Amino acid sequence: MALLVVLSLCSLALVKGQPSPDVQARISKAIADAASSPKPDYASFVNPFIGTDNEGDVCPGASIPFGMAKITTDMTGYAPAGYITDVTQQIKGFSPLHDSGTGASGDYGLFEVMPLLCPGGYQTCTTHFDKRLRSRLPNTDEATPGYFALTLDNNITMEATATRRAGLERFTFPSGSKPYFVIDLANDNAGTFAGGSMDIDPKKGRITIGGHWGPSFGPSRFNYQAFACYDILHGGQQKLDEYGIWRADDYGMDAKGLGQTHLNLSVNLIGGPIYQSGAFFSFADTPEKIQFRVGVSFVSTEQACANAESEIGSSSFDNILAQAKALWNEKLSKVEIDIANTPANITEMLYSSLYRASLTPNNATGEGQGLFAGTSSYYFDSLYCSWDTFRTFYPLMALHSPVEYAQIVDTYIDGWRKNGWMPECRTNNVPGYTQGGSSGDVIVSHFAMSYHKEAKALGIDLNELFAAALADGELNPPEWNIQGRQVNVYKQYGYIPFGVLDPTSVGRQTREGSRTLEYAFEDFAIRQVALLLENSKEEERYYNRSLFYRNIWDPTVTSDGFSGFMQKRAMNGTFIYSDPINCSPKNVGSRSCSLEQDNVNGFYESSSWEYSWFVPHDTAYLIGLMGGNETFLSRLDHFFDGGYYLAGNEPSFQTPIGYHYADKPAQSVDRVRKVVFQNFGITAAGLPGNDDQAAMASLLTFHLLGLYPVPSTTEFLILSPFIPKYTIHNSYLNTSTTVTVVNYDANSVQENIPSGVPAYVANVTVNGEVTTRCHFDFFDTFRVGGDVVITLTADKDSADSCEGSLPASLSAGGFSQPR
Ligand SMILES: *[C@@H]1O[C@H](CO)[C@@H](O)[C@H](O)[C@H]1NC(C)=O
Ligand SMILES: *[C@@H]1O[C@H](CO)[C@@H](O)[C@H](O)[C@H]1NC(C)=O
Ligand SMILES: *[C@@H]1O[C@H](CO)[C@@H](O)[C@H](O)[C@H]1NC(C)=O
Ligand SMILES: *[C@@H]1O[C@H](CO)[C@@H](O)[C@H](O)[C@H]1NC(C)=O
Ligand SMILES: *[C@@H]1O[C@H](CO)[C@@H](O)[C@H](O)[C@H]1NC(C)=O
Ligand SMILES: *[C@@H]1O[C@H](CO)[C@@H](O)[C@H](O)[C@H]1NC(C)=O
Ligand SMILES: *[C@@H]1O[C@H](CO)[C@@H](O)[C@H](O)[C@H]1NC(C)=O
Ligand SMILES: *[C@@H]1O[C@H](CO)[C@@H](O)[C@H](O)[C@H]1NC(C)=O
Ligand SMILES: *[C@@H]1O[C@H](CO)[C@@H](O)[C@H](O)[C@H]1NC(C)=O
């Protein structure tokens, strides 16, 4: 009896689940089969649903690498990327534009299509947003790289595949039913419609839509424009029957105009989600399958149609899907692993992470609008936000994809050309809110440090790159909320004072502690480029500014027996106490911790406990501030074991590897194992919160590879790989670098490394030369190619020192020469 109950509970859970259990079964089989295959199909290892639950905000839609089109369903509930697995939420429609891993109020979700059954004729079609909502058939959601499918509870299946700015959508109806559709003019995920128009050309079978909407994470005064072009006759294979326009609201309007073809709602100042309108249409007879071609553009409806024509033309669904998959395999194969000897979950986590690390930002080259209309530079939308991506996302790209990286650096520099500052958080084509400062400085600096020899050939002028970074570092914009920094007061005081009188600019006067720390690190990034360009004057100035983090260190503050914390400070220099546990997971009471005006804690989305570690360029000095190596180490342990660490938060990315700086690398190995197994997995809830445009995906990738990059430098910290052997191909430098892990034991790949199992780094050789256990340089490894051998031992004590130099810190003489 008891058993039966358990069984039926299990099957109930299964019945209600999403995605389809076939997704995991297929991936597991692909990984098992690949162990003996000479040419693995990497795309088949990817689980696009990781991060679609637990507010990971990942978009599992059909997309090519960096695609502007990401086609998936939009859902009720909190679903900023359109789709979520939560089976209690309903489907609003299927739409071509989304972001992945960005959160906030929701991105795009424009131009939704909803297939309908209207057995009573068109007048009975549920065009109204709420009336047409439908649940899904259980266990049916499907996705692979370049493909997405979902089946509604009325048995209509929706499938999509995509190119960069277009896609094909295929609908399968229950046999014998007449296919009806509704397409929206006015909706989006954030509810921001600001006016637009729509036209139906029944002869051509073409519906064009365009308008203006507001951003997901930026001042609502900014609007962006977007356009779509639906070709609904499948090259003449489908015959239109009824068509017309509709408008609806929640207060009795539910009107349909049969035969009407034009909606001109060009201005909508009243705003928003109450405004419902679009097209409806049906097809002659009862065809089971209907296919649409959709093109999107940020320029015009004409360009949206042209994009669909040039990128898809009359290609079949299967051809476009095969093309998308090939593009993904080309990207994913830049990292090859020993599949046979790697635990299957690790393989799935790795390739799913690598997938998301090439899913965004969205390549909108040729689609610039506003100041970027017609720009001759590359143009990427959704740099959302640089504060998230500078730490691991771009360093991962630097490992294998300098061409793509250079294109994005070009987009940052072009932002400076057009706006005067580099973009910080471009969201929906308009400036979004600044989180830390001008983290774009770190992104372009990391490129310069890694590829200065190739920069010119890759289309980047290093002097221009430096000028762009200097603008961020020197010129206080009128509003530093959206770009640049509040740099006048920062330079004047050496920190950003709390309650500062700033006569020259506006912005949310909050986050003084975290902004000072981020500004100081951005100054280090600028210093690095100055050093590279042998500009000793700026090098020295920015070196000095990069030490400003010291100005907010209050040695008198104590918490849990540890003294010294980063704190906010008044104009007169007095420190203003805030309890270091505020805004940590151990926060007491309710408190604003994000961008709110009443976040008076001094830190952005973090506690002082957490941000007090953030000095990646000068950890040696921080150790001194904290009272020496022993205290630093016990404070690190307490930070994690005492519950202050936030796995899903960017300022904490490097902290688990902090032990390296106190010469205890084996303890970093233990810590990273815990971080990975306590926070990441292969289920839809397998991320510790928002993916933040693959910031999490790229962090996890580095953890699995046993590496950690120090941004704006070419230094990698060495850890214990979760994979016995991998090769990284750099298709521009034409180098391949194989990392072999001697004594690798899959049994070490768990939360707590069992004693007696080799997992700690005994020694490292790079092309035959022994190096320290703690770090090596990009210029000696992945740039030149060859072999890195990491030998592991089970003897933790013997491995718990760097055996050579510690990772670099400015005040210990580190970073004295660029490579
Ligand atoms: C959907 O199809 C299944 C069989 O495939 C059938 O059992 C079910 O009744 C159908 N549901 C609807 C709402 O048509
Ligand atoms: C829509 O109407 C506005 C004025 O209300 C007009 O300026 C505009 O040209 C019209 N646009 C279209 C596409 O009909
Ligand atoms: C792999 O992941 C699944 C899903 O989270 C989990 O149930 C399973 O225990 C994991 N397997 C291993 C070997 O860690
Ligand atoms: C972005 O699109 C442009 C134009 O098609 C193309 O040249 C470029 O290679 C693309 N870049 C990436 C990273 O996808
Ligand atoms: C940098 O700081 C040092 C030491 O305080 C000082 O001597 C030097 O003048 C400073 N340089 C610049 C350019 O500010
Ligand atoms: C410094 O400024 C703070 C905040 O305005 C104030 O509370 C404090 O009394 C001032 N201290 C001195 C010594 O003036
Ligand atoms: C910490 O230990 C390292 C390595 O032994 C040493 O070089 C460094 O000076 C120590 N730092 C402090 C602040 O004692
Ligand atoms: C890499 O190889 C390609 C194809 O063989 C070649 O065109 C290119 O010049 C090579 N690049 C470098 C940096 O050697
Ligand atoms: C590396 O460590 C292993 C295991 O301790 C040892 O057998 C080997 O000789 C060492 N290799 C080098 C180059 O030191």
Side-chain angles (χ1 to χ4, degrees), residues 15 20 22 90-91 115-119 126 132-142 149-158 171-180 286 288-289 330 333-334 398-406 450-460 665-666 669 706 718 720-721 724 728-737 739-745 748 756-774 776 778-780 782-804:
V15 164
S20 164
D22 296 350
Q90 293 185 291
I91 315 301
L116 301 171
L117 299 173
C118 312
T126 48
R132 75 185 197 215
L133 293 176
R134 289 217 74 98
S135 297
R136 293 164 274 185
L137 273 193
N139 303 325
T140 51
D141 297 352
E142 260 289 354
L150 177 147
T151 301
L152 300 174
D153 63 0
N154 57 9
N155 281 355
I156 300 175
T157 296
M158 316 194 255
F171 303 87
T172 307
F173 282 75
S175 67
S177 54
K178 184 177 179 70
Y180 278 90
T286 56
E288 228 166 88
K289 284 201 194 301
E330 192 259 322
S333 64
K334 294 193 173 192
L399 263 186
H400 51 62
S401 295
V403 172
E404 289 79 357
Y405 194 179
S450 306
Y451 288 105
H452 53 90
K453 293 182 178 169
E454 295 77 22
K456 191 150 179 267
L458 288 165
I460 301 299
V669 168
I718 304 170
S720 176
I728 295 182
H729 301 286
N730 186 312
S731 48
Y732 185 75
L733 298 175
N734 297 332
T735 53
S736 294
T737 311
V739 176
T740 306
V741 185
V742 175
N743 296 335
Y744 173 88
D745 184 338
S748 77
V757 175
Y760 304 100
V761 178
N763 51 57
V764 180
T765 62
V766 174
N767 289 323
E769 302 246 345
V770 180
T771 171
T772 99
R773 291 167 177 160
C774 285
F776 52 52
F778 184 50
F779 276 75
D780 298 325
F782 302 101
R783 270 189 63 100
V784 288
D787 284 297
V788 173
V789 178
I790 298 177
T791 302
L792 302 180
T793 174
D795 183 354
K796 182 174 165 187
D797 290 342
S798 75
D800 207 8
S801 67
C802 288
E803 199 86 332

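The figures that follow rest on heavy atoms only: side chains count, while hydrogens, waters and symmetry mates do not. Remember, predicted model here, so these are calculated numbers, not experimental data. Read the numbers this way: they start at 1 and go in the same order the structure lists the ligands and their atoms.
- Interface atoms of ligand 9 facing N763, defined by a heavy-atom separation under 4.0 Å, are 1 (C), 2 (O), 3 (C), 8 (C), 10 (C), 11 (N), 12 (C), 14 (O).
- Taking a distance limit of 4.0 Å, we find that atom 11 (N) of ligand 9 is approached by some protein heavy atom.
- When each of F779, F778, Y732, F782 is paired with Y451, the ring-ring contact (aromatic ring centres under 6.0 Å, His included) condition holds for F778 and for no other.
- Judged by distance alone, with hydrogens and angles left aside, the side-chain atoms of N767 form a donor-acceptor pair with the main-chain N or O of D787 at under 3.5 Å.
- Between I156 and the choices T151, T172, L117, the side-chain contact (heavy atoms from CB on, under 4.5 Å) rule is met once, by L117.
- Of all protein heavy atoms, the one lying nearest to atom 4 (C) of ligand 9 is T791 CG2, 4.0 Å.
- The nearest protein atom to atom 5 (O) of ligand 1, hydrogens excluded, is given as N155 ND2, 4.4 Å; this is a heavy-atom distance.
- Minimum interatomic distance between P665 and D800 (heavy atoms only, all atoms of both residues): N-OD1, 3.2 Å.
- Side-chain atoms of R773 and S801 form a donor-acceptor pair, as typed in the model, at a separation below 3.5 Å.
- For atom 13 (C) of ligand 1, the closest non-hydrogen atom of the protein is D153 O, 3.6 Å.
- For ligand 8 and Y732, the ligand atoms under 4.0 Å from any heavy atom of the residue are 11 (N), 12 (C), 13 (C).
- Residue contact check: A762 has heavy atoms under 4.0 Å from atoms 2 (O), 5 (O) of ligand 9.
- Between N734 and ligand 8, at least one pair of N/O atoms sits closer than 3.5 Å.
- Between T286 and G176, the shortest heavy-atom distance links the atoms CG2-O, 3.5 Å.
- Considering S401, S333, S736 as possible partners of H729, the one that fulfils the side chain to side chain donor-acceptor pair (under 3.5 Å) test is S736.
- For atom 7 (O) of ligand 8, no protein heavy-atom neighbour is found at a distance under 4.0 Å.
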